[in-house]
Amino acid sequence: MTNDFPEGFRFLPSYFDKSAQEALVEEIRAAVRAAPLFRPFMPRTGKPFSVRMSNCGPLGWVSDIKGYRYQPRHPETGEAWPEMPAVLSRLWADVAPDAPPPEACLINYYEEKARMGLHQDRDEDTFDAPVVSVSLGDTAVFRLGGTARKAPTRSFRLSSGDVLVLGGASRLAYHGVDRLIPGSSTLLAGGGRINLTLRRVTAPEAEA
DNA sequence: GAGTCACG
DNA sequence: GGCT
């Protein structure tokens with residue numbers, strides 16, 4: 001079977017064990033207490049996303065009627081985003097050792113019916129570093145395609161504790177979440193799924 | 001005419 | 001396939 005998929009993605013199943021997942025959830029709960037989940041809106045149409053989100057790290061991804069962008073403050077509270085948890089910096093150092101440190105961790109919270117249409121992550125100034133994804137809670141049916149929207153796609157499941165690294169040619173691959181599998185995890189008390197994506201946003205400064 | 005589409 |  002041919003595989004014309006972009007290369008460079010790495011799927012690391014069960015990267016985090018149960019206790020690491022629980023600790024990570026506590027870190028995210030703390031971050032979300034400081035920077036509450038907000039509902040983004042699609043540019044132009046103003047249609048609400050089905051996911052809610054927040055961020056940690058120096059920059060956060062937001063979307064509203066004006067467009068997609070990274071900004072240093074929460075769109076509703078005006079506060080700076082919480083610090084990047086150390087465990088996520090360590091994950092990045094492990095899977096992206098040659099990349100400069102991550103600047104944004106987007107926190108997406110999926111309730112049972114939430115989905116994410118096929119899209120590319122291309123709001124960053126640099127695509128040199130990979131996007132690193134961590135799944136927590138209910139399993140997601142994930143879809144990964146190529147760098148052209150019409151390219152063929154494949155779907156696979158992302159379970160709690162799995163890490164997916166989109167680097168190299170896959171850095172700009174279309175991807176999305178078709179649906180959740182409700183009840184597939186007991187990690188989150190109320191069900192649902194948390195997805196964390198770590199990104200480098202700005203090009204690192206040239207060395208003197 | 002593409003879209004973090006919309007639906008079956 | 002349909003709408004912005």
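Proteins come first, then strands; the chains are lettered A, B, ... in the order of their sequence lines, and each starts at number 1.
Relative to the ring axis of A:Y110, A:R193 places its NZ or CZ within 45° and under 6.0 Å from the centre.
For the pair A:Y174 OH and B:dA2 P, the interatomic distance rounds to 9 Å; values are reported in whole Å. When the P atom of B:dG3 is taken as reference, atom CZ of A:R115 falls 17 Å away, rounded to whole Å. Rounded to whole Å, the distance from CZ on A:R143 to C1' on B:dC7 is 14 Å. The separation between A:K113 atom NZ and B:dC7 atom C1' is 14 Å, rounded to whole Å. Distance A:D178 CG to B:dA6 C1': 13 Å, rounded to the nearest Å. In this structure, A:R149 atom CZ and B:dG3 atom P are separated by 5 Å, rounded to whole Å. Rounded to whole Å, the distance from CG on A:L118 to C1' on B:dA2 is 13 Å. Taking atom CZ on A:F49 and atom P on B:dC5, their separation rounds to 7 Å, with Å as the unit.
Paired with A:Y174 under the rule side-chain hydrogen bond (donor to acceptor under 3.5 Å, both in side chains), one option of A:R143, A:Q120, A:K150 passes, and it is A:Q120.
Ring pair A:H74/A:F38: centre-to-centre distance below 6.0 Å.
In this model, the phosphate group of C:dC3 is not approached by any side-chain N or O of A:K47 to a distance below 4.0 Å at OP1 or OP2. Of the side-chain N and O atoms in A:R44, none sit less than 4.0 angstrom from OP1 or OP2 of B:dG3.
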Show, in sequence, the C-alpha distance, side-chain angles and deciding distance for A:I181 and A:D138, and conclude whether the side chain to side chain contact (heavy atoms under 4.5 Å, CB included) test is met. CA-CA 6 Å; A:I181 302 178; A:D138 283 340; 6.0 Å; no
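Partner assigned to B:dC5 is C:dG1, using Watson-Crick or G-U wobble distances below 3.5 angstrom.
Residue-level contact check: A:D123 touches the bases, meaning some heavy atom is under 4.0 Å from a base atom.
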